[in-house]
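Step one of this worksheet: look at the structure below.
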There are 2 protein chains.
Amino acid sequence: MALRHAVLAALLDGEHSGYQLAKAFDVGMANFWHALPQQLYAELAKLERDGLITGREVVQEARPNKRLFTVTDAGLDELRRFAAGQSKPSSVRDDLMVKVAAADAVDTAELVGQLEERAAIAEAKIDLFDGLLRRMRGDADEAEFLARGRRIGPYLTCLRGRAFERENRDWCTRTAAVLRARAGADVRR
Amino acid sequence: MALRHAVLAALLDGEHSGYQLAKAFDVGMANFWHALPQQLYAELAKLERDGLITGREVVQEARPNKRLFTVTDAGLDELRRFAAGQSKPSSVRDDLMVKVAAADAVDTAELVGQLEERAAIAEAKIDLFDGLLRRMRGDADEAEFLARGRRIGPYLTCLRGRAFERENRDWCTRTAAVLRARAGADVRR
DNA sequence: TTGTTCATGTAACTCGTTACATGATTCG
DNA sequence: CGAATCATGTAACGAGTTACATGAACAA
């Protein structure tokens, strides 16, 4: 299974509704896992059936009722078993890179536009992660927080997410510059 | 569709057999796309049926016969259409990060081992990509090659792959160090 | 009054992974 | 003599995506 453990890990932060999880997994959950609402509602149902989480109904007036989920002891065991098992290296699987790989046979102007757009998105995510990191560590500085903070898991993955997006931004702008320069010089003649 | 265009892009380098592609996509195709042999044979069959590639049988004596595939004009059109369409940002989807996200509730020693193992794998990939890059640019230096080389697509994606793996290695070693330090200090008491 | 937020799902479909199958050759 | 390399696939299953459905409250 797959999403399963990502959801359990997310629920370590405390009670969440399907809707809240959907928002977190839409942004990318610090950029290491993405999932759609439908997937989450389905997974939450399965997790509850298997006794790894429990949900409690919260009745609301101005908004639709919701269900908040918590990890059970069985869920914690499952997470521990998962963490002990082996994990295979993952790749990135990005459409934009496929396009760059085909850059020599494809309309370059179009591609440059997409690269710049992507760089802007990456920039926005960097800001977002910066904010998350600041909120998580509170008053403490980073070294202090990592040494003695109570919940550092999401902080560490968020650091990875930010580094990834920085790399992403830099590569996109550099690649765009390279392609643009070649278009100007008209290499292929 | 998905793998489809990655295969077309890979075939821009010239004729390849399913087997050769399988090896390239096993390493990760410069770390941005991974696929298993079965997937590739299936995809090649579909691509040929749709007229986007053509295969020619090569009879061999000491080895099993093979089929070498080339992109057709229709295939090139398809690639161009794909490159013009929009691409959604992709996330990383890594088991190891899920485990780190759950680090506060999980056996840390185990996790540190996995992080170090992963750092070693990343290191190996960096070397591999370094070699590929050197081979692709030949005698020219990088700026020169990127300005005037004939096929720079795979070079650019390989740069991204290397940057990704460097980031990966650094994050794994740093995260392992953080978790190890906490285990020594026994934070949770 | 149009769009966004909150809140939850079902159904059909495509894509990716795991398991299985075959068989000769060459390297250590 | 066992393992890896070359070379190609089928079948079943699990995971992810797209499309569809509902409905009230609130902000621009």
Side-chain angles (χ1 to χ4, degrees), chain A residues 1-7 15-29 32-50 53 55-69 82 85-95 98, chain B residues 1-7 15-29 32-50 53 55-69 82 85-95 98:
Chain A
M1 218 131 292
L3 178 59
R4 170 149 274 218
H5 303 102
V7 171
E15 287 187 325
H16 289 275
S17 67
Y19 188 81
Q20 286 176 296
L21 288 172
K23 273 199 302 182
F25 277 85
D26 178 45
V27 176
M29 176 92 181
F32 72 95
W33 208 281
H34 172 263
L36 300 164
Q38 306 91 301
Q39 242 182 308
L40 287 164
Y41 287 116
E43 196 62 48
L44 287 168
K46 259 198 269 174
L47 281 163
E48 196 178 19
R49 247 191 279 118
D50 298 347
I53 61 176
R56 65 179 184 94
E57 181 102 17
V58 174
V59 182
Q60 296 182 123
E61 270 149 43
R63 317 222 142 272
N65 297 345
K66 61 181 171 184
R67 310 197 60 216
L68 295 177
F69 296 93
F82 165 71
Q86 67 165 69
S87 26
K88 54 235 146 138
S90 64
S91 37
V92 178
R93 217 180 274 263
D94 191 332
D95 279 355
V98 177
Chain B
M1 219 130 295
L3 179 56
R4 171 149 274 220
H5 303 103
V7 170
E15 288 186 325
H16 288 275
S17 67
Y19 188 80
Q20 286 175 297
L21 289 172
K23 273 199 302 182
F25 278 84
D26 178 45
V27 177
M29 177 93 181
F32 71 94
W33 208 282
H34 171 263
L36 300 164
Q38 305 91 301
Q39 238 181 309
L40 288 164
Y41 287 115
E43 197 61 49
L44 287 168
K46 259 197 269 175
L47 281 164
E48 196 179 20
R49 248 191 279 121
D50 298 346
I53 61 175
R56 64 177 186 95
E57 181 103 17
V58 174
V59 182
Q60 298 182 123
E61 271 150 42
R63 317 222 139 274
N65 296 346
K66 61 181 172 185
R67 309 198 58 216
L68 294 178
F69 296 94
F82 166 71
Q86 66 165 68
S87 26
K88 55 235 148 138
S90 66
S91 38
V92 179
R93 219 180 273 265
D94 191 333
D95 278 355
V98 177

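Per chain, numbering begins at 1; letters A, B, ... match sequence-line order.
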Pair B:Lys66 + B:Glu57: basic N to acidic O under 4.0 Å = no
Note: for A:Gln38 and B:Ser17 on DNA chain D, the residue whose nearest nucleotide lies more 5' is B:Ser17
Round to the nearest Å and state the distance from B:Leu44 atom CG to D:dA7 atom C1'.
-> 13 Å
At under 4.0 Å, does any side-chain N or O of B:Lys23 touch on OP1 or OP2 of D:dC6?
-> yes
Identify which nucleotide among C:dC15, C:dT8, D:dT8 has an atom closest to any side-chain atom of B:Arg67, counting heavy atoms from C-beta outward.
-> D:dT8
A:Ser90 and B:Asp94: side chain donor to acceptor below 3.5 Å = yes
Using atom NZ of A:Lys66 as one end and atom C1' of D:dA24 as the other, report the distance to the nearest whole Å.
-> 16 Å
If you check every side-chain atom of B:Gln39, which of D:dT8, C:dG16, C:dC6 has the closest atom?
-> C:dG16
d(CG, B:Asn65; C1', C:dA24) in whole Å = 12 Å
Atom pair distance, as rounded to whole Å: NE2 in B:His34 and P in D:dG16 | 16 Å
Apply the test side chain to side chain contact (heavy atoms under 4.5 Å, CB included) to residues A:Leu3 and A:Phe25: give CA-CA distance (whole Å), side-chain angles for both, the deciding distance (0.1 Å), then the verdict.
-> CA-CA 10 Å; A:Leu3 178 59; A:Phe25 277 85; 4.0 Å; yes
Write down the distance between CD (B:Glu57) and P (D:dG9), rounded to a whole number of angstrom.
-> 9 Å
In whole angstrom, what separates B:Leu3's CG from D:dG16's P?
-> 17 Å
Looking at the side chain of A:Tyr19, which of C:dC6, C:dT18, D:dC6 is the nearest nucleotide?
-> C:dC6
Looking at D:dG9, C:dG16, D:dC26, which one has an atom nearest to any side-chain atom of B:Tyr41?
-> D:dG9
Report yes if at least one side-chain N or O of A:Lys88 is closer than 4.0 Å to OP1 or OP2 of C:dT18; otherwise report no.
-> yes
Exam field: side chain B:Asp95 to backbone A:Ser87, donor-acceptor pair closer than 3.5 Å = no
Quick one: B:Trp33 CH2 to C:dG16 P, roughly how many Å, whole number?
-> 6 Å
Could you check A:Ala42 against A:Gln60 and say which one's nearest nucleotide on DNA chain C is further toward the 5' end?
-> A:Gln60
Between A:Glu48 and A:Ala45, is there a donor-acceptor pair closer than 3.5 Å when you use the side chain of the first and the backbone of the second?
-> no
Along DNA chain D (nearest heavy atom to each residue), the more 5'-positioned of B:Arg93 and B:Pro37 = B:Pro37
Rounded off to whole Å, could you give me the CG-to-C1' distance for the A:Leu36 and C:dT8 pair?
-> 15 Å
